[in-house]
Undergrad: 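One structure follows; several queries about it will come next.
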Amino acid sequence: MSTDTLKVEKLSRELHGELCIPGDKSISHRVAILAGLAKGKTTVANFLCSEDCLHTLAAMQQLGAVIEQEPNVRSFAITGTGMHPTAPQKEIDCGNSGTGMRLLAGVLAALPFKSRLTGDASLCSRPMGRIIEPLELMGAIITAHGIKPGCAPLEIEGRGLHSLEYTLPMASAQVKSAILLASMFTKEAITVHQPSRTRDHTERLFAHFGIPCTTCNNGLTIRTEGAALPVASNIAIPGDFSSAAFWMIAACMIPGSKLILRRVGLNPTRTALLHVLRRMGANIEIVDERTSCEPSGDIIVRSSTLHGTELKKEEIPNLIDEIPILSIAAAFAEGKTVIRHAAELRVKESDRIRTVVTNLRAMSGDVEEFDDGMIITGGAPLTGCELDSFGDHRIAMSFLIAGLRAEGTTILRHCKNIDTSYPGFEGHLRQLLQ
Ligand code: S3P
């Protein structure tokens with residue numbers, strides 16, 4: 001079997017053990033960018049050395065940041081450019097990462113040179129109009145050269161940007177963050193209004209690096225003052241809640257299990273899954289909570305009988321990345337789980353409504369597809385079979401977890417993409433199965 005294909009069997013025993021979850025992907029991207037722009041040297045611990053984040057780190061090197069030590073030792077230093085990035089000598093490759101491309105576009109829009117952002121086939125088919133619009137309103141010129149309109153490669157003609165008050169048309173932390181990063185180079189204040197709360201890592205890291213930024217209206221309005229000079233400040237990145245989610249749901253649904261997940265990020269704009277799982281009957285305990293820039297703690301999950309629930313519209317942005325694995329919990333839960341208002345799933349690394357529905361149906365799951373989500377009727381056993389990840393890391397990991405409870409054998413093709421967010425996932429799986 002090629003290393004791109006992974007196989008799991010139905011588990012005939014419980015899962016027990018402890019895992020140290022790798023660093024948070026969203027925070028790692030932002031730390032690479034802010035430390036790379038800062039004045040001075042930032043030591044970063046537990047950076048996520050996944051393909052996505054390493055692409056962003058390499059982009060910052062192209063812009064003049066200096067990285068000491070091999071990044072794969074997980075703790076290294078970034079010496080920033082003091083807000084004077086240099087023009088990249090070649091195009092910047094963001095790989096598979098929408099976050100990398102959208103956030104970097106915010107920085108490049110403000111710099112006095114031309115640059116070009118590109119990525120793999122999946123990234124070059126994802127919508128970039130959502131960042132092009134506000135960045136052009138601030139004064140940049142961005143041309144999308146993709147096969148589909150509004151898609152990468154992006155050619156960016158940066159320039160001195162001006163003030164903006166902008167209401168996001170969708171709840172997107174990436175779009176918000178692109179504007180906030182661009183605002184660090186403006187002379188005037190910038191205000192962003194969001195329709196509902198999205199992950200606030202950029203705002204927290206602005207405070208950490210000493211960049212003035214205020215929020216009001218319950219976190220929905222963010223204002224920066226422009227002309228920022230981030231100051232290097234060491235940071236330890238907590239484990240990624242979205243990666244922990246795979247094990248949380250595995251422990252919930254495999255009878256007799258108990259897993260302890262160490263040092264996981266517990267930012268409330270990321271943890272809606274905790275509330276949803278508890279509503280479904282999950283037994284989840286949080287211990288040893290602490291806050292340093294970001295809240296974190298240990299998560300203890302014990303198996304329990306789950307029942308279906310209806311996701312609330314305002315919960316969606318705070319668990320958008322966890323919906324593929326939540327759909328697996330739903331397939332094993334008694335009754336219906338209703339996931340609507342989630343059309344954003346269609347423009348992720350794959351069309352995650354289509355890919356979840358396709359794979360659940362292939363496993364004999366009962367799922368109804370809607371433009372903006374799905375309704376899953378759980379409770380009947382799933383059957384193992386051969387599935388595709390559709391090149392999407394979260395689809396691969398979700399269906400490997402499903403395979404631990406489905407009858408027989410589950411084979412997942414095209415799993416290499418797991419390395420974009422969770423290098424070491426297979427090792428953690430093998431560790432728990434030993
Ligand atoms: C991210 C924001 C979310 C999320 C993505 C990471 C971020 O996307 O799905 O995986 O780091 O800002 P949107 O902001 O586009 O919803």
Side-chain angles (χ1 to χ4, degrees), residues 23-34 47-48 50-53 55-56 94-107 119 122-123 125-134 150-152 166 168-182 192 194-206 219-220 222 237-238 240-246 265 267 269-273 294 313-326 341-353 356 372 392-395 397-398 417-418 420-422:
D24 186 278
K25 180 154 79 78
S26 292
I27 301 174
S28 295
H29 281 295
R30 288 159 170 81
V31 166
I33 294 172
L34 288 170
F47 187 87
L48 177 65
S50 73
E51 285 173 8
D52 276 10
C53 300
H55 273 107
T56 297
C94 300
N96 188 244
S97 179
T99 309
M101 182 172 284
R102 293 184 177 123
L103 269 53
L104 287 165
V107 172
S122 152
L123 181 53
S125 69
R126 294 177 64 189
M128 292 297 145
R130 53 183 62 195
I131 48 127
I132 295 175
E133 180 184 296
C151 291
Y166 190 71
L168 299 177
M170 77 287 290
S172 168
Q174 294 178 355
V175 180
K176 171 182 70 177
S177 300
I179 301 169
L180 294 179
L181 289 167
V192 183
Q194 38 182 0
S196 77
R197 278 194 87 180
T198 63
R199 62 192 70 194
D200 64 359
H201 305 304
T202 306
E203 295 91 308
R204 285 174 186 264
L205 284 169
F206 270 22
L220 293 178
I222 305 106
I237 297 175
D240 197 320
F241 183 84
S242 303
S243 298
F246 298 105
N267 181 318
T269 60
R270 288 285 296 282
T271 51
L273 180 74
E294 291 275 348
K313 188 176 177 192
E314 65 275 15
E315 286 174 330
I316 298 294
N318 302 144
L319 51 57
I320 190 81
D321 292 342
E322 289 71 72
I323 290 178
I325 186 62
L326 179 61
H341 315 290
E344 271 298 298
L345 288 172
R346 296 216 180 260
V347 290
K348 294 295 179 187
E349 286 83 330
S350 68
D351 170 348
R352 287 185 176 156
I353 297 176
V356 165
D372 67 345
D392 184 331
H393 54 130
R394 297 200 198 280
I395 297 297
M397 291 185 275
S398 300
N417 229 295
I418 290 176
T420 60
S421 71
Y422 196 161

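Both counts, for ligands and for their atoms, begin at 1 and track the order of listing.
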Undergrad: Counting only heavy atoms closer than 4.0 Å, does ligand 1 sit against the backbone of Met170, its side chain, both, or neither?
TA: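 Neither; no heavy atom under 4.0 Å.
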Undergrad: Tell me whether ligand 1 is touched by Asp321 - counting only heavy atoms on the residue side and a distance under 4.0 Å.
TA: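 True for this residue.
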Undergrad: Keeping the roles fixed (side chain from Arg346, backbone from Asp351), state whether a donor-acceptor pair exists under 3.5 Å.
TA: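 No, Arg346 side chain to Asp351 backbone: no donor-acceptor pair under 3.5 Å.
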Undergrad: Do any nitrogen or oxygen atoms of Ser26 come within less than 3.5 Å of a nitrogen or oxygen of ligand 1?
TA: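 Yes, at least one N or O pair falls under 3.5 Å.
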Undergrad: For atom 1 (C) of ligand 1, what is the nearest protein heavy atom, given as residue, atom name and distance?
TA: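 The answer is Gln174 NE2, 3.6 Å.
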Undergrad: Should Arg199 and Asp24 count as an ion pair when the cut-off is N to O under 4.0 Å?
TA: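 So Arg199 does not pair with Asp24 through a salt bridge.
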Undergrad: Walk me through it: do Arg204 and Asn267 pass the test side chain to side chain contact (heavy atoms under 4.5 Å, CB included)?
TA: CA-CA 10 Å; Arg204 285 174 186 264; Asn267 181 318; 3.2 Å; yes
Undergrad: For atom 6 (C) of ligand 1, find the nearest protein heavy atom and state the residue, atom name and distance (0.1 Å precision).
TA: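 Among all protein heavy atoms, the one nearest atom 6 (C) of ligand 1 is Thr99 OG1, 3.4 Å.
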Undergrad: Do Asp392 and Lys348 sit within salt-bridge range, that is, some charged N less than 4.0 Å from a carboxylate O?
TA: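 Not counted as a salt bridge, because no side-chain N and carboxylate O are separated by less than 4.0 Å.
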Undergrad: Could you identify the single nearest non-hydrogen protein atom to atom 14 (O) of ligand 1 and state the distance to 0.1 Å?
TA: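 Checking every protein heavy atom, the shortest distance to atom 14 (O) of ligand 1 gives Ala173 N, 2.7 Å.
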Undergrad: Could you check whether Lys176 pairs with Asp200 (Lys NZ or Arg NE/NH1/NH2 to Asp/Glu carboxylate O, under 4.0 Å)?
TA: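 Here Lys176 does not pair with Asp200 in a salt bridge, since their nearest N and O are not under 4.0 Å apart.
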Undergrad: Using a strict cut-off of less than 4.0 Å between a Lys/Arg side-chain nitrogen and an Asp/Glu carboxylate oxygen, indicate whether Glu294 and Arg270 qualify as a salt bridge.
TA: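 Judged by the 4.0 Å cut-off on N to carboxylate O distance, Glu294 and Arg270 do not form a salt bridge.
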Undergrad: Using the rule side-chain contact (heavy atoms from CB on, under 4.5 Å), only one of Pro127, Ser172, Ser177 pairs with Arg102; which is it?
TA: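 It is Pro127, the one option of Pro127, Ser172, Ser177 that forms the side-chain contact (heavy atoms from CB on, under 4.5 Å) with Arg102.
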Undergrad: So, is Ile320 polar-close to ligand 1, with some N/O to N/O distance under 3.5 Å?
TA: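 No: no nitrogen or oxygen of Ile320 is under 3.5 Å from one in ligand 1.
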Undergrad: I want to confirm something. Looking only at heavy atoms, which of Arg199, Arg30, Lys348 is nearest to atom 2 (C) of ligand 1?
TA: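 Of the listed residues, Arg199 has the closest heavy atom.
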Undergrad: Mind checking whether Arg394 has an N or O less than 3.5 Å away from an N or O of ligand 1?
TA: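 Between Arg394 and ligand 1, no N or O pair is found under 3.5 Å apart.
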Undergrad: Considering only protein heavy atoms, which is closest to atom 15 (O) of ligand 1, and at what distance to one decimal place?
TA: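 Of the protein heavy atoms, Ser172 OG, 3.1 Å lies nearest.
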